[in-house]
Amino acid sequence: GVVLAVLATILSVAVPPAILGTGFTSASFIRVVLLPVILGAIALTAFGVANGLAMQRRLLHQQEADLRDLLAASEDREQLLNTVMDTVSVGVCALDGQGQAVLVNRHLGSRLADAIGSEPTPGNVTDLPVYGVDRKHRLPPERHPRSRAARAPHRDARIEDQFLQG
């Protein structure tokens, strides 16, 4: 494409003086050399820009496909998590870095609804007392899952053998 454009430009400037027999003057010689060089530079720039755009378009399509795959995988994991959360026979409550509930499974939700007399919400789940292994003594504030989650924002505050008395 670029070579053809440069050759066509040279021919369009060089052929008429050769056919007419007028010869080349210094002004026409500059035209013969300068015009093809300028047009060649423009053509090369346009070619480079077009190739860059095509490469960016391919990259964008690949990233879009990757994003679709990640979204599908994330939706599959979410569905699996919801299935597991709804079928386990223990109460599960996930807390964020500030100790606020972000996820409560159905089993814990029904037990909490019985305990507090209403449907659990993120605000009233984390304020409920949590009991230790003996299921009789409340956990001290520093061992409460909410406190542990707030102290360790980059780790999971795992709860082992602790049950809500309800």
Ignoring hydrogens and angles, write down the donor-acceptor pairs under 3.5 Å from the side chains of residues 79-86, residues two or more places apart or on other chains.
residue : atom : partner : partner atom : Å
N82     : ND2  : E78     : O            : 3.3
T83     : OG1  : Q79     : O            : 2.8
D86     : OD2  : R106    : NH2          : 3.3

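- Here R57 pairs with H61 under the side chain to side chain contact (heavy atoms under 4.5 Å, CB included) rule; sequence neighbours left out.
- Partners of L60 by side chain to side chain contact (heavy atoms under 4.5 Å, CB included), not counting sequence neighbours, listed by chain and number: Q63.
- Among residues two or more places apart in sequence or in another chain, the salt bridge (charged side-chain N to carboxylate O under 4.0 Å, His left out) test is passed with E64 by R68.
- The OG atom of S74 lies 12.5 Å from the CG atom of D69; values are rounded to the nearest 0.5 Å.
- Among residues two or more places apart in sequence or in another chain, the side chain to side chain donor-acceptor pair (under 3.5 Å) test is passed with Q56 by none.
- V49 belongs to a hydrophobic cluster whose other members, connected by ILVMFWY side-chain contacts under 4.5 Å either directly or through intermediates, are L53.
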